[in-house]
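Small disclaimer: the values here were computed from a predicted structure and weren't measured. So that the names make sense, note that chain A is the first sequence line, chain B the second, and so on, each numbered from 1.
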Amino acid sequence: MKPMNRSLPDSSPLPSSRLPPVFFRQVETESLARKLLGVRLVTVVRGVRTSGEIVEVEAYLGRNDPACHASRGKTGRNAMMFEAAGHCYVYLIYGIYHCVNVVSDPEGVGSGVLIRAVTPMEGIETMRRRRGRADMSDVARGPGRLCQSFGITASFCGEHFATSQRIWLEPFTTYSREQIAISGRIGISAGQELPLRFFVKHSPWVSGTRR
DNA sequence: TATACGATCACCT
DNA sequence: GGTGATCGTATAC
């Protein structure tokens, strides 16, 4: 067991650079997915800040997308996907790992963007410690690894990226269409051919390969 | 109540 | 290239 850490949670004002609620209200989920590339994901857990630049995402399109958790309607597990855009939807996968999503549609729809990989920026030693493996190159490559590094667990489900004190998004850089690659989504069976995975071309930090 | 399986990863050959 | 880990949830009985 770790020694108790009773340092105060970060009570500093919200950074002015944080992305506002309107950012999340894109007309298309794919637009939000593209715009999340180059955005900085930040968490503060037990007073420690970790951050990284998002380089890979996937879009999940509600009712009409068989791969989307929301495609068969609202359940206890996926209920957060049906909340308003900007909410944080976290779920447990394979009984072991967590995956984090940005809800992308108005209340009741059930779409979102899965964050699949980031380029580590701040708190790298913390990330490595949380991962329990020394290798820096894998620290935030893949949705499960990234949640582990950033300390994201099921308790983050229901936070809002525009207002949360422990998870948010900040503008960092932007990419043109030419700098973004598109492919099918990874690890799904239905709808895997759909071009809903977006990643930064040539980035060494993106996860698994597929077309 | 029982069972099948998953938006993954690590480790093996 | 393949496979086992591991458990909450959804669905079937």
Side-chain angles (χ1 to χ4, degrees), chain A residues 24 28-34 36-37 39 41 52 54-83 85 87-105 109-120 127-159 161 167 180-200 203-211:
Chain A
F24 301 97
E28 304 282 342
T29 295
E30 294 96 316
S31 301
L32 180 63
R34 284 177 181 279
L36 282 170
L37 296 178
V39 163
L41 171 69
I54 298 172
V55 293
E56 180 187 357
V57 296
E58 286 177 356
Y60 287 86
L61 308 182
R63 271 283 185 190
N64 300 321
D65 176 1
C68 181
H69 287 175
S71 66
R72 295 189 191 181
K74 191 191 274 192
T75 68
R77 179 205 201 194
N78 67 19
M80 189 50 55
M81 277 200 99
F82 291 86
E83 292 303 313
H87 279 89
C88 176
Y89 168 52
V90 179
Y91 64 90
L92 182 69
I93 184 83
Y94 296 103
I96 309 173
Y97 302 105
H98 294 278
C99 294
V100 62
N101 296 252
V102 183
V103 177
S104 61
D105 262 322
V109 179
S111 303
V113 178
L114 170 70
I115 303 176
R116 287 195 57 92
V118 310
T119 303
M127 296 181 189
R128 295 174 69 176
R129 190 179 69 250
R130 286 177 180 150
R131 290 266 305 138
R133 288 176 187 11
D135 195 12
M136 157 83 187
S137 64
D138 283 344
V139 89
R141 210 167 67 88
R145 295 174 179 134
L146 139 93
C147 283
Q148 197 174 16
S149 291
F150 278 68
I152 299 170
T153 62
S155 76
F156 281 66
C157 191
E159 296 283 326
F161 283 101
I167 187 166
I180 297 174
I182 305 176
S183 78
R185 294 170 293 182
I186 292 177
I188 60 170
S189 48
Q192 60 182 320
E193 72 289 348
L194 296 173
L196 293 174
R197 173 172 173 248
F198 302 87
F199 58 98
V200 177
S203 169
W205 304 100
V206 305
S207 76
T209 54
R210 199 190 137 79
R211 190 114 77 109

### Message
Can you check the distance between C:dT3 and B:dC5, where both ends of the measurement are the P atom (answer in whole Å)?
### Response
16 Å
#### Entry: Presence of salt bridge, A:D135 and A:R145, under 4.0 angstrom
no
### Task
Please check if the side chain of A:R185 supplies one atom and the backbone of A:A59 the other of a donor-acceptor pair under 3.5 Å.
yes
### A:Y91 vs A:C157, side-chain contact (heavy atoms from CB on, under 4.5 Å): CA-CA, chis, key distance, verdict
CA-CA 8 Å; A:Y91 64 90; A:C157 191; over 6 Å; no
### Task
Please list, in 5' to 3' order, the outermost nucleotides of DNA chain B lying under 4.0 Å from any heavy atom of chain A.
B:dG6 to B:dC11
### Task
Let me know the distance between NE2 of A:H98 and P of C:dC7, rounded to the nearest Å.
11 Å
### Query
Just checking A:L92: base, sugar-phosphate only, or nothing, at a heavy-atom cut-off of under 4.0 Å?
sugar-phosphate
### Rounded distance in Å - CD (A:Q148) to C1' (C:dA5)
14 Å
### side-chain contact (heavy atoms from CB on, under 4.5 Å) between A:I188 and A:E58, worked out
CA-CA 11 Å; A:I188 60 170; A:E58 286 177 356; 5.6 Å; no
### Query
How many Å lie between NE2 on A:H69 and P on C:dA10, as a whole number?
10 Å
### Task
Specify the closest pair of heavy atoms between A:L37 and A:I180, including all atoms of both residues, with the distance to one decimal.
CD1-CG2, 3.8 Å
### Query
Where is the tightest heavy-atom contact between A:A67 and A:A190, given as atom of each residue plus distance?
CB-O, 3.4 Å
### Task
Determine which bases of DNA chain C form Watson-Crick or G-U wobble pairs with both distances under 3.5 Å, and write the result as a 5' to 3' dot-bracket string with | for other-strand partners.
|||||.||||||.
### Query
Using a distance-only test with no angle check, is there a side-chain donor-acceptor pair under 3.5 angstrom linking A:Q148 and A:R130?
no
## Note on the structure
Checking A:E159, A:E83, A:H69 against A:Y89 for side-chain hydrogen bond (donor to acceptor under 3.5 Å, both in side chains), the one that qualifies is A:H69
### Query
How would you label the contact of A:G144 with the nucleic acid (heavy atoms, under 4.0 Å): base, sugar-phosphate, or nothing?
sugar-phosphate
### Task
First locate atom CG of A:L61, then atom CG of A:D105, and finally report the distance between them rounded to the nearest 0.5 Å.
8.5 Å
### Query
How is A:N101 classified with respect to the nucleic acid when contacts are heavy atoms under 4.0 Å: base, sugar-phosphate, or nothing?
base
### Query
Want to settle it: does A:R145 or A:I188 sit nearer the 5' end of DNA chain B, counting the closest nucleotide to each?
A:I188
### Query
Checking all strands, does A:I93 fall into the base, sugar-phosphate, or nothing category for heavy-atom contacts under 4.0 angstrom?
sugar-phosphate
